[in-house]
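To start, the structure under review is shown below, and the notes come after it.
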Amino acid sequence: MKHTLTTILLVLSFLLTGCGASLRGVGDMGLVIERASGSIKVVETTNKTILGSVKGLGDLSHASAVYSRDGRYAYLFGRDGGLSKIDILTSTLVKRVIQGGNSIGGAISQDGRLVAVSNYSPGGVRVFDATTLELVADIPAVGEDGELSKVVGLVDVPGQKFVFSLFDAGEIWIADMSNVAAPKITKFKEIGEKPYDGLVTPDGRFYIAGLFGEDGLALLDLWNTEKGVKKILTNYGKGEKKLPVYKMPHLEGWAIAGGMAFLPAVGRHEILVVDTNTWEEKGRIPVHSQPVFAMGRPDGRQVWVNFAFPKNDTLQIIDVQTLQVVKTLKPGNGVMHMEFTPRGEHVWVSVRDLDRVEVYNTDSFERLSALTVEKPSGIFFTSRAHKIGL
Amino acid sequence: MLVDEQFWLPYHIPMIRQTVAVSTDLTKPIYLPGTTVKNLITNNKVKVAFTVVTDISMCLSTYFVPTAISRLQQIFLLIFALAFIYPTLNHAQGLTTQRQETLIHMLKHDCGSCHGLTMKGGLGPPLTPDALAGKDIDFLADTVFFGIPEQAMPPWEGLLSREEIVWLISQLKKGIPQ
């Protein structure tokens, strides 16, 4: 009797764990946001398949994800202030907390122990324990004007720090989380009008905030913070009429190659090329429409660009050597996001209105595969786990 | 008499308003979507104007120029203008189901990139029925049509017609199905 029971339990436990499924790593895995249904698809890039689905993640109309350093857990930041911890190996929701009213993005600390979320309301940054999702620090973004400001462009930087921008107040803050109980905040004021997003260079040295309210960008050298914030590209587009922007550009995933950085212009149908030694304009590449993402292939040879409504059916590929658009693809309406496989041989593209994620060969531009994903937007592969600022 | 527009037109109720006016020489109707009757009368461009409010219940309101005309003339003009109102009414409801679906899709996914997929706000303010309560439709339509250049709101002129904008606002005021 006892043996029978043991056998049943053993069989049951095998069934529950997927019949003793073979071990696998997470290095070729990732997730795709399904923005309308509040769910994600767990994917793998080796055979280009969908492995699982996780539902009940709230409003993901503007969502992003970061990974634990072991690549197993994704932390998902939803528009409704939801912070979800997902185990992508088992496609399960580990924990979910509503940490704010309206959030925009997040970051994971250098040591992987803290997850920070930037909020529109209440304006500020909240920091959570990566294991338990318990709140460990609350940093309200009260600007010089005394008002709470929306927070954008939150990134992690070396030294267990987070850097972010205050949209309404026009400030950049550094939060040193070495002592979680007492975060040390360094504020930079009057950095420019309406910073709308921020990024950190892959080496973690320069933080750059894009400005919506004026021409130019705000640059902070994190190795020399005493020098303060410097405005760069201030003469860009002077005296020209700005074109309407139907979707704010993103700065995440920008390309740096051959001493140049490529980033989407605001209100102009151009990609800006910046010399990363002098931070001066090196050129402009005319493109199809208002660019949203300008993402560099991991080897830095190409930059892939997608566009804002109403011309969001197009992808353009810039060759970094010649600074020319070498290919224009038309996947379909609602090209939302692109993500390269870790070494860049393929790129995955979300085509929202076709309910499809398409996979392209980045050399031949041939479409290799199409996966059915409901209203896909952001694609996040685990290779982000080991990159500063992602 | 110039009737108080607010009295006749309940702005706070989401409705599609169409203005039909009769020109001063009484020869041709002027169909001016999105133009308020008050403006027309102030500019002395019309003799009589009708604002047609279409919703579940349909009602008509009439505006007269200050240089009053006789009651008989009023009735005559009302009948005269009504002949032109019917095709306009069709026009007011002339958004095909397919176009309405496209507009709602656009509202959720494209307007939603700033205002949130559920219209609860993001970089842009919330567009929920509560948030829009008491706000003038013409003011809201102008905001969408011309944008707010110093903020991040782009002008939708050229992408959407005034009629489509007014329809979208009326949907937002009712609350869009999720």
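Every heavy atom of this structure was used, including side-chain atoms; hydrogens, water molecules and symmetry mates were not. Each chain gets a letter, A, B and so on, in the order its sequence line appears, and its residues count up from 1.
Summarising the geometry, atom CZ belonging to B/Phe145 is positioned 12.0 Å from atom CG belonging to B/Asp138; distances are rounded to the nearest 0.5 Å. Distance check, rounded to the nearest 0.5 Å: CG of A/Leu217 to CG of A/Leu251 gives 7.5 Å. A/Leu83 contributes atom CG, which lies 8.5 Å from atom CG of A/Leu76 (distance to the nearest 0.5 angstrom).
When all heavy atoms of A/Phe167 and A/Val152 are compared, the pair lying nearest together is CB-CG1, 4.3 Å. In plain terms, the two heavy atoms of A/Gly100 and A/Pro122 that are nearest each other are CA-CD, 4.3 Å. A/Ile271 and A/Ala294 get closest at one heavy-atom pair: CD1-CB, 3.9 Å.
Take B/Ala141 and apply the side-chain contact (heavy atoms from CB on, under 4.5 Å) test, not counting sequence neighbours, and it matches B/Arg162, B/Ile165, B/Val166, B/Ile169.
With a threshold of 4.5 angstrom between heavy atoms, B/Met106 approaches chain A through side-chain atoms but not through N, CA, C or O. Proximity to chain B (any heavy atom under 4.5 Å) is shown, for A/Ala36, by both the backbone and the side chain.
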Scan the chain B/chain A interface and emit each donor-acceptor pair under 3.5 angstrom with its distance.
{"from": "B/His105", "atom 1": "NE2", "to": "A/Asp353", "atom 2": "OD1", "distance (Å)": "3.3"}
{"from": "B/His109", "atom 1": "ND1", "to": "A/Arg35", "atom 2": "NH1", "distance (Å)": "2.5"}
{"from": "B/Leu117", "atom 1": "N", "to": "A/Ser61", "atom 2": "OG", "distance (Å)": "3.3"}
{"from": "B/Thr118", "atom 1": "OG1", "to": "A/Asp59", "atom 2": "OD2", "distance (Å)": "3.3"}
{"from": "B/Gly121", "atom 1": "O", "to": "A/Asn102", "atom 2": "ND2", "distance (Å)": "2.7"}
{"from": "B/Pro155", "atom 1": "O", "to": "A/Tyr246", "atom 2": "OH", "distance (Å)": "2.3"}

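When the candidates B/Gly112, B/Cys114, B/Gly121, B/Cys111 are compared by the number of heavy-atom contacts under 4.5 Å with chain A, B/Gly121 comes out ahead.
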